[in-house]
Amino acid sequence: MSTSARDRLIVGLDLPTVTEAEKIVSTLGEEVLFYKIGYQLAFAGGLDFARDLAAGGKQIFLDMKLLDIDNTVAKGVENIVKMGVSMLTLHAYPKAMRSAVEAARGSNLCLLGVTVLTSMDEQDVIDAGYEYDPHSLVLRRAEQARAAGMGGIVCSAEEAAAVRKIIGGDMALVTPGIRPAGAEKGDQKRVMTPADALRAGSSHLVVGRPIVAAPDPLAASRAILAEMESALSRRSAV
């Protein structure tokens with residue numbers, strides 16, 4: 001796995017139009033290599049935009065959180081493989097994960113199991129009908145994702161250290177809810193700074209609003225990359 005911060009920072013293009021997303025990508029230029037495209041942009045022409053960015057050499061994290069019957073998941077993954085994106089999320093349900101892994105076999109697509117959304121706390125998990133607290137549910141789903149042959153996990157940085165012990169060093173561990181020190185949490189409930197997340201075992205960090213909503217997105221991305229590089233350098237020196 002690359003030790004470069006630029007290979008590990010994923011900028012979330014959580015924007016309402018492709019035009020606004022194109023402006024951010026143009027502003028960030030070669031500083032940022034990896035972008036996340038989720039529901040908001042996907043349903044505004046973002047899937048074609050994802051293909052274009054991938055064809056232009058950018059890495060794309062397609063955050064679709066797939067969950068459906070086995071055949072539907074498999075057929076969706078087969079078409080997503082053809083898009084040339086780098087990462088795809090699905091909810092970490094065992095049958096869905098096994099179907100996706102089989103459909104993506106032989107490709108370079110990294111499948112990521114979403115454990116518990118970072119916008120959810122213990123009461124939210126209880127309200128959803130689960131008997132587990134968020135931490136226990138994350139660990140159970142991490143075990144199931146590893147058993148299914150997934151490429152990685154999506155979880156809060158708060159659970160990263162515990163999840164890393166379960167999945168080992170080879171699987172990707174992608175953490176949203178990353179906020180630089182002093183930044184607003186927004187609708188996230190389980191957050192961590194970039195340096196702390198890397199120290200906890202995260203391999204990739206998803207940062208959206210602290211960059212795309214910043215007065216100077218390029219300066220914001222550079223500050224986060226510098227913090228990440230410093231943390232990675234200290235970690236490799238240990």
Side-chain angles (χ1 to χ4, degrees), residues 9-18 20-22 24-25 32-56 58-120 124 128 137-138 141-142 144-146 148-156 171-178 187-188 202-209 212:
L9 173 64
I10 303 174
V11 173
L13 294 175
D14 299 317
L15 297 163
T17 67
V18 170
E20 290 173 78
E22 287 174 334
I24 288 291
V25 173
V32 172
L33 304 177
F34 218 139
Y35 289 97
K36 177 182 80 76
I37 292 178
Y39 289 161
Q40 183 181 22
L41 190 59
F43 298 140
L47 295 181
D48 287 336
F49 184 52
R51 289 187 185 92
D52 292 342
L53 287 178
K58 298 295 186 183
Q59 295 188 70
I60 302 301
F61 168 21
L62 196 59
D63 190 18
M64 292 289 98
K65 300 183 181 71
L66 301 182
L67 180 62
D68 212 308
I69 63 173
D70 300 357
N71 184 65
T72 299
V73 169
K75 295 305 181 184
V77 170
E78 288 174 4
N79 276 339
I80 290 169
V81 165
K82 298 172 186 176
M83 294 175 62
V85 302
S86 300
M87 289 178 166
L88 168 69
T89 56
L90 58 149
H91 282 289
Y93 286 68
K95 289 187 69 179
M97 291 191 290
R98 290 193 294 268
S99 298
V101 167
E102 186 59 33
R105 196 173 303 282
S107 75
N108 293 321
L109 179 62
C110 179
L111 296 170
L112 302 170
V114 176
T115 54
V116 177
L117 301 178
T118 54
S119 62
M120 298 178 73
D124 295 322
L137 184 56
V138 166
R141 287 183 166 172
Q144 293 170 330
R146 183 187 63 180
M150 295 283 283
I153 289 293
V154 179
C155 69
S156 162
M171 291 176 67
L173 204 167
V174 180
T175 50
I178 300 299
D187 58 1
Q188 304 286 7
S202 300
S203 64
H204 297 77
L205 310 183
V206 180
V207 183
R209 281 164 286 188
V212 300

Check: Residues in side-chain contact (heavy atoms from CB on, under 4.5 Å) with I80, at least two apart?
Finding: L62, L66, M83, V85, L88, L109
Notebook entry, point to check: Got a second to check how far S86's OG is from K58's NZ, nearest 0.5 Å?
Noted result: 12.0 Å
Item checked: Shortest non-hydrogen contact between F34 and L9, atoms and distance -> CB-O, 3.2 Å
Notebook entry, point to check: Do other residues, nucleotides or ligands put more than 12 heavy atoms under 6.0 Å from N79 CG?
Noted result: yes
Next item on the list: Please lay out, stage by stage, how V18 and L41 fare under the test side chain to side chain contact (heavy atoms under 4.5 Å, CB included).
Entry: CA-CA 7 Å; V18 170; L41 190 59; 4.1 Å; yes
Item checked: Intermediate values then yes/no, side chain to side chain contact (heavy atoms under 4.5 Å, CB included), V25 and L13 -> CA-CA 9 Å; V25 173; L13 294 175; 4.0 Å; yes
Notebook entry, point to check: Where is the tightest heavy-atom contact between A92 and Q144, given as atom of each residue plus distance?
Noted result: O-OE1, 4.0 Å
Note to self: With side chain to side chain contact (heavy atoms under 4.5 Å, CB included) as the criterion, how do M150 and L90 come out once you've worked through the C-alpha distance, each side chain's angles and the decisive distance to 0.1 Å?
What the structure shows: CA-CA 10 Å; M150 295 283 283; L90 58 149; 3.6 Å; yes
Compile the donor-acceptor pairs under 3.5 Å between side chains in residues 95-105 and protein atoms, sequence neighbours left out, one pair per line.
from, atom 1, to, atom 2, distance (Å)
S99, OG, K95, O, 3.1
E102, OE1, R105, NE, 3.1
E102, OE1, R105, NH2, 3.0

Item checked: All side-chain hydrogen bond (donor to acceptor under 3.5 Å, both in side chains) counterparts of D52, not counting sequence neighbours -> none
Next item on the list: For the residue pair Y93 and H91, categorise the inter-ring angle as parallel (less than 30°), tilted (30 to 60°) or perpendicular (more than 60°).
Entry: perpendicular
Note to self: If we ignore hydrogens and angles and just use 3.5 Å, is the side chain of S202 paired with the main-chain N or O of L173 as donor and acceptor?
What the structure shows: no
Checklist line | Shortest non-hydrogen contact between P176 and V154, atoms and distance | finding: CD-CG1, 3.7 Å
Checklist line | S203 OG to I153 CD1 distance, which is reported to the nearest 0.5 Å | finding: 10.5 Å
Next item on the list: Mark yes or no for whether Y39, through its side chain, and M64, through its backbone, hold a donor-acceptor pair below 3.5 Å.
Entry: yes
Notebook entry, point to check: Between CD1 of I60 and CG of L33, what distance do you get to the nearest 0.5 Å?
Noted result: 10.5 Å
Checklist line | Distance in Å, I37 CD1 paired with L15 CG, rounded so as to fall on 0.5 Å steps | finding: 10.0 Å
Margin query: On a heavy-atom basis, which atom in Y35 and which in I24 lie closest, and how many Å separate them?
Written below: OH-O, 4.4 Å
Notebook entry, point to check: Which atom names give the shortest non-hydrogen contact between R141 and T115, and what distance separates them?
Noted result: NH1-O, 2.6 Å
Margin query: What's the separation between atom CD1 in I178 and atom CZ in R209, rounded to the nearest 0.5 Å?
Written below: 13.0 Å
Notebook entry, point to check: Between K36 and D14, what is the shortest heavy-atom contact and its length?
Noted result: NZ-OD1, 2.9 Å
Notebook entry, point to check: To the nearest 0.5 Å, what is the distance between OG (S107) and CD (E78)?
Noted result: 10.5 Å
